[in-house]
Protein chains: 2
Amino acid sequence: MGEGARSVTAKVLAMLEAFTPATPDLSLSELARRAGVSLPTAHRRAAELVAWGALERGADGRYRIGLRLWEVAALAPRGLGLRDVAMPFLEDLYEVTHENVQLAVREGLELVFVERIAGRHAVPVLTRVGGRFALHATGVGLVLLAHAPAEVQEQALAAPLHAYTPKTITDPDRLRELLAAVRRNGYAVSDGQVTLDALSVAAPIRGADGAVVAAVSLVVRADTAEPIALAPLVQAAARGISRMLAPRLDGR
Amino acid sequence: MGEGARSVTAKVLAMLEAFTPATPDLSLSELARRAGVSLPTAHRRAAELVAWGALERGADGRYRIGLRLWEVAALAPRGLGLRDVAMPFLEDLYEVTHENVQLAVREGLELVFVERIAGRHAVPVLTRVGGRFALHATGVGLVLLAHAPAEVQEQALAAPLHAYTPKTITDPDRLRELLAAVRRNGYAVSDGQVTLDALSVAAPIRGADGAVVAAVSLVVRADTAEPIALAPLVQAAARGISRMLAPRLDGR
DNA sequence: CCGCACATTCCATTCACCGGAACGGGGGAC
DNA sequence: GTCCCCCGTTCCGGTGAATGGAATGTGCGG
C-alpha cells in the first residue's frame, strides 16, 4: 500500500495537472484533493507557484493557470515553434476554403492539436487547441499513426479502439490496410468517423530528416461534393510547411 | 551569507525559466548553471520533468520544453482562453486588410503577445507569440497602459523608458497626455515608435465587468495612406471580442 | 594513447517538507 | 441574534527526500 512518498517535483506537477479543460479554475481544497496532497502542502506549493506566475488567483480567490506558464510553454518546439512556421500556410488554406484548418502532432499514443483555425461559418468541430484525441479516427490521427514507428502502431492498434460513430473503424486489420493506403496516397480521409456530419482530409508534414513530425487537415461537412479535390490543397500546405521546418524540430 | 536555500519548487521553476527564446534547448550543464543548481540536482529534477513531459530530450540529448507543459498552459484563461474567443475576429481583420494582426494582454509593467497573425506579405514585425514588450511604445502597449490602474501607470512612467527609435516618446508628461488622448479617442496610434518603418493602430478589449483586459492592433507600413481609417476596423474587432468574453476572464 | 568535458550514479548528512492540530473568518440555517 | 460548518491560513516537531562532493561512465579531440 501504500503511497511511497512522492517527490516534491511530482507534487508540483500534479498540482498543475489538476487543472483540466472542464475545470480551469479550482479552490484550494479542490486543488489539494485533485493533486492528492494535504491542504497545508497545497497551500504552500500554490503560494510559491502564484509568486512565480505559474498560477494566478482570481478576485474570487480561486486558482487558475497563470500567464507566465504560458510564456514558458510557448518555447516548446513542437508547440508554438511549429505553429509559428505553419501559421502562414494554415492562413492560406483557410482563406481559400473557409473551412476548419487543424494542425496536430503525435504525443505517445494520442495526438495533440497545436493549432486550429475555425471559420465562424464552417462546421463546428469539438476539438480544442492543446487538447488530446485518439489516433485512429481523425484525418490527422490516421496520418500521424500511418507514419509512426511500427512499435507505436502496434501499441495503438492493440489498445481498445473507441467507436465514436458507427463509421469509426475499430478493426485492427482494416485499420492496418487503411494506414497502408494512407502511406501510399500521401493523404488520409476520415469520413464520419469522428462525428457523422464531418469529414476531414489530412496530409503529413515532414521534418528536416524526412520523418513525419505533424499533420494538417481540412474539416468540412460530410456532404461536401468531391472532398477528394481538397487533398491537393492540403498536401500543398503540408509540403510548404515541411520546406520551412528548421532542422531542430526533429524532436524525440 | 548568501543564498538562503531555495525551495524545491523554486528550483524547478528556475529550471523552466532557464529556457529563453534565444536558447530554446540546453545541455544539462547549461541548464544547471542557468538555474543556479548543482549538476546532480539538475539531473534528478530534469529526469522527473522529462518523465512527466514538462521537458523533452532531443536525439542530441539536449533538453527542451515539452509538449505536455504546453497542453497545461493552454488552459491559461488569459492565454489560449482569450485567444480562442478572439481568433475569428482576428481572422476577419486579417482577411480584410492582409496586415499584421496582434493580440496582447498586460502582465505587470510589460505586455505579452497572446496571438499574432503575420501575413507573408505584410511588414515584418519582430514580436513573437508568448514574448514580452514594454508598454510605452507599441499601439497595444499604449492602450493597455492607458486603461491600467493609476498605480501601474505611475510605476511604468517612473521606470526608465527605452527609446527604440528617435520617435519613441520617453517623456512621462508627454506620455500622460498621450494616454489621456487614447482614453478619449478609444484607440491608440503608434507611428514609428518601435521601428521607423512600422505603424500600429490599437483598440481596447473589455471583459464582462467593463475593465480593459486586452488589446488588438493592426501593424502596417509607416507610409500607409490614411492609417487612421484603420481605427474603425480595429475598434469593431475589439468590440466584437469584448461581446464574446465570458464573465470569468476578469482575471486578477 | 591520453585528457578533457559532460553525463550519470553513489552515499552519508541534513534541513526543507510534511501533516495533524489549532486558529481565523465568512456565510447559511434556524 | 447564535450556532455551525466549511474553507483558508498558520504553527510546530519529527522524518525522509533532497542535497553536493566524489567516484564512475562515456564520447570526443588531440
Side-chain angles (χ1 to χ4, degrees), chain A residues 1-20 23-66 209 247-248 250-252, chain B residues 1-20 22-66 247-248 250-252:
Chain A
M1 29 231 48
E3 331 303 296
R6 285 178 305 164
S7 72
V8 175
T9 308
K11 291 180 189 174
V12 170
L13 295 174
M15 286 181 59
L16 295 181
E17 209 171 13
F19 294 88
T20 66
T23 58
D25 62 342
L26 299 171
S27 71
L28 184 62
S29 325
E30 290 167 338
L31 185 51
R33 187 161 1 97
R34 287 179 183 250
V37 301
S38 73
L39 212 138
T41 299
H43 183 254
R44 279 185 299 255
R45 292 286 80 82
E48 283 186 284
L49 290 170
V50 168
W52 189 80
L55 297 183
E56 291 177 348
R57 303 197 70 167
D60 49 3
R62 298 171 71 81
Y63 293 88
R64 306 170 188 179
I65 298 289
D209 58 355
R248 79 183 34 114
D250 47 15
R252 50 130 111 276
Chain B
M1 24 214 71
E3 327 308 301
R6 285 178 305 163
S7 73
V8 177
T9 307
K11 290 181 188 176
V12 170
L13 294 174
M15 285 181 59
L16 295 180
E17 208 171 14
F19 293 87
T20 66
T23 59
D25 62 343
L26 299 172
S27 72
L28 183 62
S29 325
E30 289 167 339
L31 185 51
R33 186 159 4 95
R34 286 178 184 250
V37 302
S38 74
L39 213 137
T41 297
H43 183 255
R44 279 186 300 256
R45 293 284 81 79
E48 284 187 284
L49 291 171
V50 168
W52 188 80
L55 296 182
E56 292 177 347
R57 305 197 68 168
D60 49 4
R62 296 171 72 80
Y63 292 88
R64 307 169 189 181
I65 298 290
R248 79 182 35 110
D250 47 15
R252 47 121 123 277

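Here is how names work: the chains are called A, B, and so on, in the same order as the sequence lines, proteins then strands, and each is numbered from 1.
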Which atom pairs link the protein and nucleotides 24-29 of chain C when you take only N or O atoms and keep those under 3.5 Å?
none

- Of all the heavy-atom pairs spanning B:R64 and B:F19, show the shortest one and how long it is. CA-CE2, 3.8 Å
- Note on the structure: Tightest non-hydrogen contact, residues B:S38 and B:A32, listed as O-CB, 4.2 Å
- Task: Please identify each residue that fulfils side-chain hydrogen bond (donor to acceptor under 3.5 Å, both in side chains) with A:S29, with sequence neighbours left out.
- Result: none
- Calculate the interatomic distance between A:R62 atom CZ and D:dC7 atom C1'; express it in whole Å. 12 Å
- Message: Is there a side-chain contact between B:Y63 and B:M15 in this structure, where contact means two heavy atoms from C-beta onward sitting under 4.5 Å apart?
- Response: no
- Message: Please list all pairs meeting salt bridge (Lys or Arg N to Asp or Glu O under 4.0 Å) that have one or both residues in residues 26-41 of chain B, counting only residues at least two apart or in different chains.
- Response: B:E30-B:R62
- Item | Interface with DNA chain D, restricted to residues 28-46 of chain A and to heavy atoms under 4.0 Å | A:L28, A:S29, A:L39, A:P40, A:H43
- Item | Under the side chain to side chain contact (heavy atoms under 4.5 Å, CB included) test, residues paired with B:V8 that sit two or more places apart | A:V8, A:T9, B:V12, B:R45
- Would you say the side-chain atoms of B:R6 pair up with the backbone N or O of B:A14, donor to acceptor, closer than 3.5 Å? no
- Quick one: is A:K11 getting a side-chain N or O under 4.0 Å of the C:dC18 phosphate, OP1 or OP2? yes
- Query: Pick the nucleotide of DNA chain D nearest each of A:S7 and A:S27; which residue has the one closer to the 5' end?
  - Reply: A:S27
- What is the bend of the helix from C:dC1-D:dG30 to C:dC30-D:dG1 when you compare the axis at one end with the axis at the other, using five pairs each and rounding to 10°? 40°
- Starting from P on C:dA5, measure out to CG on B:L26 and report it in whole angstrom. 20 Å
